[in-house]
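Accompanying notes for the structure given below.
Keep in mind that what you see is a predicted model, and the values were worked out from it rather than measured.
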Amino acid sequence: WPWFLLLALASPVMVSLRMDFSVLLEPLGFVKVLEWVLAIFAFATCGGFQGETALLVSCKGVVNKTITAAFAYPFRLNTVVFSAPDPKGCGGTWTDVYLTGNFSSSAQFFVSLAALVFFYCITSLVIYIGCNHVYQQNKKFQLTDLAISALIAFLWLVSTFVWAKALADIKVSTGASIIPGIESCKAPGTTCHFLSVTSMGVLNVSVVFGLLNMILWAGNVWLVYKETSLHNQWNRISESP
């Protein structure tokens, strides 16, 4: 929705379109390009993840069988089931084993924000490059940009910390601590050992990109604020005797 608001404001002045790519070398334009790139990285590092956790199971008629549970974005782990050790289910003692937890809301919030910011940055760049002369003269543009930038900075703050908490829980729900909660592993003659889980380094990087986006958008708020009449009014007040 944010880019629709800017497009609505921009539509009456599109007739005066003047392409000026030099604005990309100015702070506002350059920061917007960085925000666009970092939004792509945040989206890709979280939304493109796929992994699996593996156990080593021994039970009736089965010795050291590797079973796996594949999981991926949006991390609805409670729908992910381990492959059975054998067709007979360890002589009937093995039942379907699911991972625990549904972290889709946190992951989708983070990825959806990255996607929205990606499109908003494209819209903003079009306005900066094509209608920069109007942007500099129109207070509505500047104030709208300021409000949206502040909102996005806040949403990056919230979504990043929510996603970081969810990621910590995902690591617990796919790590060695799952063994005590598997009832089938407690059956007589059955032993389960944690084998491995896919490295989540790329998900750690997604949190870093979230923090970088938050910092960048906070800086963007300041840059936009300096362009508005609010900053000029404050300067006049502070300079008055």
Side-chain angles (χ1 to χ4, degrees), residues 37-118 155-187 190-214:
V37 173
L38 288 182
I40 295 174
F41 285 146
F43 178 92
T45 51
C46 180
F49 181 83
Q50 292 183 332
E52 69 174 22
T53 184
L55 305 179
L56 201 61
V57 177
S58 295
C59 57
K60 184 178 180 181
V62 176
V63 178
N64 290 338
K65 172 70 174 181
T66 299
I67 62 173
T68 61
F71 59 96
Y73 173 85
F75 305 104
R76 294 188 179 93
L77 301 187
N78 57 339
T79 65
V80 176
V81 62
F82 276 98
S83 56
D86 71 326
K88 296 181 180 180
C90 293
T93 62
W94 186 273
T95 56
D96 286 344
V97 176
Y98 290 84
L99 295 176
T100 58
N102 184 348
F103 307 99
S104 59
S105 58
S106 300
Q108 288 175 327
F109 179 24
F110 185 81
V111 170
S112 296
L113 177 61
L116 289 173
V117 169
F118 170 81
L155 290 177
W156 272 123
L157 171 66
V158 174
S159 66
T160 299
F161 280 94
V162 168
W163 167 232
K165 174 59 169 64
L167 177 56
D169 293 338
I170 290 171
K171 292 178 179 179
V172 172
S173 297
T174 58
S177 60
I178 64 177
I179 297 293
I182 301 177
E183 293 299 324
S184 296
C185 292
K186 301 175 183 178
T190 300
T191 59
C192 299
H193 299 284
F194 180 77
L195 191 59
S196 66
V197 64
T198 302
S199 172
M200 299 186 193
V202 67
L203 296 181
N204 294 333
V205 172
S206 72
V207 174
V208 174
F209 279 127
L211 292 173
L212 290 176
N213 272 292
M214 178 192 68

Taking only residues two or more places apart in sequence, or in another chain, which ones meet F103 in a ring pair (Phe, Tyr, Trp, His ring centres under 6.0 Å)? none

V207: what forms a side-chain contact (heavy atoms from CB on, under 4.5 Å) with it, not counting sequence neighbours? T160, W163, A164, L167

Can you name the side chain to side chain donor-acceptor pair (under 3.5 Å) partners of S184, sequence neighbours left out? T95

Could you tell me which residues satisfy side-chain contact (heavy atoms from CB on, under 4.5 Å) with V158, sequence neighbours excluded, listed by chain and number? F109, F154, V162

Kindly give the heavy-atom pair with the smallest separation between G91 and K60, and that separation in Å. CA-CD, 4.3 Å

Provide the closest heavy-atom pair for A72 versus Q50 in the form atom of the first, atom of the second, distance. CB-CG, 3.8 Å

Filter on salt bridge (charged side-chain N to carboxylate O under 4.0 Å, His left out), then keep only pairs touching residues 82-111, sequence neighbours left out; what's left? none

Set of side-chain contact (heavy atoms from CB on, under 4.5 Å) partners for V111, sequence neighbours left out: F43, C46, Y73

Who are the side-chain contact (heavy atoms from CB on, under 4.5 Å) partners of T68, not counting sequence neighbours? E52, A54, T66, S83

M200 vs I170 side-chain heavy atoms within contact, under 4.5 Å: yes

To the nearest 0.5 Å, how far apart are CD1 in I67 and CG in L195? 10.0 Å

Could you measure the distance from the CD1 atom of I182 to the CG atom of L55? Nearest 0.5 Å is fine. 5.0 Å

Any W94 side-chain heavy atom under 4.5 Å of C185 side chain: yes

Does K165 have any side chain to side chain donor-acceptor pair (under 3.5 Å) partners at least two apart in sequence or in another chain, and if so, which? D169

Do S206 side-chain atoms and T45 backbone N/O form a donor-acceptor pair below 3.5 Å? no

Separation between CG of L113 and CH2 of W156, rounded to the nearest 0.5 Å: 4.5 Å

Residue pairs involving residues 171-186 (criterion salt bridge (charged side-chain N to carboxylate O under 4.0 Å, His left out); sequence neighbours excluded): E183-K186

Using 0.5 Å steps for rounding, measure from the CG atom of L99 to the CZ atom of F71. 7.5 Å

How close do F49 and T198 get, heavy atom to heavy atom, and via which atoms? CZ-CG2, 4.3 Å

At their closest point, which heavy atom of R76 faces which heavy atom of N102, and how far apart are they? CG-OD1, 3.4 Å

Least distance between heavy atoms, I179 atom then F194 atom: CD1-N, 4.0 Å

Residues at least two apart in sequence or cross-chain that pass side chain to side chain donor-acceptor pair (under 3.5 Å) with N64, listed by chain then number, are S58

Approximate separation, where rounding is to 0.5 Å, of F75 CZ and S105 OG: 12.5 Å

Side chain of T53, backbone of T174: donor and acceptor closer than 3.5 Å? yes

With sequence neighbours left out, the residues meeting ring pair (Phe, Tyr, Trp, His ring centres under 6.0 Å) with F209 are F41

Using a 3.5 Å distance criterion without hydrogens, assess whether the side chain of S177 forms a donor-acceptor pair with backbone atoms of V172. yes

Could you report the tightest heavy-atom contact between A42 and F110, atom names first, then the distance? O-CE2, 3.6 Å

Taking only residues two or more places apart in sequence, or in another chain, which ones meet C59 in a disulfide bond (SG atoms under 2.5 Å apart)? C90

